[in-house]
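Have a look at the structure below, then the notes.
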Amino acid sequence: MNHQWWQNKYVWGLGLLGGVLSLLQPMLGAIVWPLYKPIKYVTAILTAADNQERTLFVNLDLLAAVLILVFLVAMREYARHEKLTGLVKFLRPVMLGYVLLQLLEWFIPLAHVADASMTPYHLSLHDLLIFFGTGVLAILFLRLGNEWQKHQQPSIANVWRLSGALMLVFVFALFIVRMLSWPFAGLFDQLTNFAMVLPVMYTSWQFMKLY
């Protein structure tokens, strides 16, 4: 029997690797750019248009995004192979939403590093688009979790649903923190990102064990 390209533990492992790279970005930012404070500043400051280290962090973002996207494509191929039509239906908008969020960071970045640190803080178009896109993606995660539940994968389903709910909580908290100019924007930004990559990393790990 011929194996498909996605029937490989190394392909499934790309989601785990991509998630780890995404989570390591604030740590790398603090090392490369000592002025960056991960708890205070959102990670978007690392890819601001006038940041001298922008190229490094955009490339790191790109690598992590490509790895996660390949994983999501593999998951969709698995769902098609197993005739899990509900998963196929929701994985397409999840992939599209994830790509659009990444494109927003790359092509509509913060104009200036100072934009992320000014007090009082004024919400930008970039912020509003990020909040909206993250909220939509969170709802899709909840729907995707429900589909996993229908296909007798309760642990995977619970992680996707939990992550979707946490994304909504954290992005709302981030919005409030930004509005009040409290110095915790970076913390809630990282928590939102963690919730976003958690189900990818968990599902990646589970599928690696199958192959």
Side-chain angles (χ1 to χ4, degrees), residues 4-26 43 61 63-105 129-175 187-211:
Q4 300 296 321
W5 66 269
W6 50 267
Q7 294 175 315
N8 185 301
K9 67 178 181 179
Y10 297 109
V11 172
W12 291 114
L14 295 179
L16 182 60
L17 179 59
V20 170
L21 287 177
S22 180
L23 294 177
L24 287 177
Q25 188 181 57
T43 53
D61 263 349
L63 176 59
V66 168
L67 293 176
I68 290 174
L69 187 59
V70 171
F71 165 79
L72 291 174
V73 172
M75 192 159 67
R76 186 167 181 264
E77 289 302 308
Y78 162 82
R80 291 178 62 184
H81 183 267
E82 299 295 324
K83 296 180 173 59
L84 308 178
T85 55
L87 284 177
V88 174
K89 175 183 177 181
F90 286 107
L91 276 168
R92 181 180 296 175
V94 164
M95 289 188 291
L96 179 60
Y98 181 74
V99 169
L100 289 177
L101 273 180
Q102 300 308 310
L103 291 176
L104 175 60
E105 292 287 358
L129 290 174
I130 288 289
F131 293 151
F132 177 77
T134 303
V136 171
L137 195 59
I139 293 171
L140 290 172
F141 276 23
L142 292 170
R143 301 294 296 273
L144 198 59
N146 291 337
E147 291 301 323
W148 279 115
Q149 185 67 46
K150 292 177 183 178
H151 299 298
Q152 309 303 314
Q153 294 290 343
S155 62
I156 294 178
N158 288 337
V159 172
W160 281 91
R161 288 186 293 205
L162 175 62
S163 293
L166 288 176
M167 284 171 65
L168 289 173
V169 171
F170 292 146
V171 79
F172 179 72
L174 177 58
F175 175 79
L187 173 63
F188 288 105
D189 181 52
Q190 290 181 53
L191 288 173
T192 302
N193 185 57
F194 173 74
M196 188 182 301
V197 300
L198 174 62
V200 171
M201 296 171 66
Y202 181 79
T203 309
S204 173
W205 175 251
Q206 292 297 315
F207 273 76
M208 284 178 69
K209 294 191 292 186
L210 292 178
Y211 293 94

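Only this structure's heavy atoms are used, side chains among them; waters, hydrogens and symmetry mates stay out. In this text, all values refer to a predicted model and were calculated from it rather than measured experimentally.
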Going through the checks in order, is the side chain to side chain contact (heavy atoms under 4.5 Å, CB included) test met by Trp148 and Leu87? CA-CA 7 Å; Trp148 279 115; Leu87 284 177; 3.8 Å; yes
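The CG atom of Leu100 lies 10.5 Å from the CZ atom of Phe132; values are rounded to the nearest 0.5 Å. Taking CG from Leu104 and OG1 from Thr134, the interatomic distance works out to 9.0 Å, rounded to the nearest 0.5 Å. Here Leu96 contributes atom CG and Leu91 contributes atom CG; the two are 12.5 Å apart, rounded to the nearest 0.5 Å. In this structure, the separation between OH on Tyr98 and CG on Leu103 is 11.0 Å, given to the nearest 0.5 Å. Once rounded to the nearest 0.5 Å, the distance linking CG of Leu84 with CD of Gln153 reads 9.0 Å. The structure places CG of Asp189 at 4.0 Å from OG1 of Thr43, a figure rounded to the nearest 0.5 Å.
A donor-acceptor pair shorter than 3.5 Å can be found between the side chains of Gln25 and Asp61. Using modelled atom types and a 3.5 Å distance limit, the side chains of Arg161 and Asn158 yield a donor-acceptor pair. Between the side chains of Ser22 and Asn193, at least one donor-acceptor pair of N or O atoms lies under 3.5 Å.
In this structure, the side chains of Leu137 and Phe141 come closer than 4.5 Å at one or more pairs of heavy atoms. Met201 places a side-chain heavy atom less than 4.5 Å from the side chain of Leu23. The shortest side-chain heavy-atom distance between Met196 and Leu101 falls under the 4.5 Å cut-off.
In this structure, Gln7 contributes its side chain and Gln4 its backbone to a donor-acceptor pair below 3.5 Å.
Atom NZ of Lys83 has 12 or fewer heavy atoms from other residues, nucleotides or ligands within 6.0 Å. Heavy atoms of other residues, nucleotides or ligands lying less than 6.0 angstrom from CZ of Phe131 number more than 12.
Scanning for ring-ring contact (aromatic ring centres under 6.0 Å, His included) contacts around Phe188 gives an empty result, with sequence neighbours left out. By the ring-ring contact (aromatic ring centres under 6.0 Å, His included) test, Tyr202 pairs with no residue at all, sequence neighbours left out.
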When the side chains of residues 162-170 are checked against the rest of the protein, which donor-acceptor pairs come out under 3.5 Å, sequence neighbours left out?
| from | atom 1 | to | atom 2 | distance (Å) |
| --- | --- | --- | --- | --- |
| Ser163 | OG | Val159 | O | 2.9 |
| Ser163 | OG | Ala195 | O | 3.3 |

Got a list of side-chain donor-acceptor pairs under 3.5 Å for residues 8-18, not counting sequence neighbours?
| from | atom 1 | to | atom 2 | distance (Å) |
| --- | --- | --- | --- | --- |
| Asn8 | OD1 | Tyr10 | N | 2.7 |
| Trp12 | NE1 | Trp6 | O | 2.9 |

N/O donor to acceptor pairs below 3.5 angstrom from side-chain atoms of residues 64-78, sequence neighbours left out:
| from | atom 1 | to | atom 2 | distance (Å) |
| --- | --- | --- | --- | --- |
| Glu77 | OE2 | Arg80 | NH1 | 3.4 |

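Pairs passing the salt bridge (charged side-chain N to carboxylate O under 4.0 Å, His left out) check and including a residue from residues 145-155, sequence neighbours excluded, read Glu147-Lys150.
When Leu142, Val200, Asn146 are each tested for a side-chain contact (heavy atoms from CB on, under 4.5 Å) with Trp160, only one passes: Val200.
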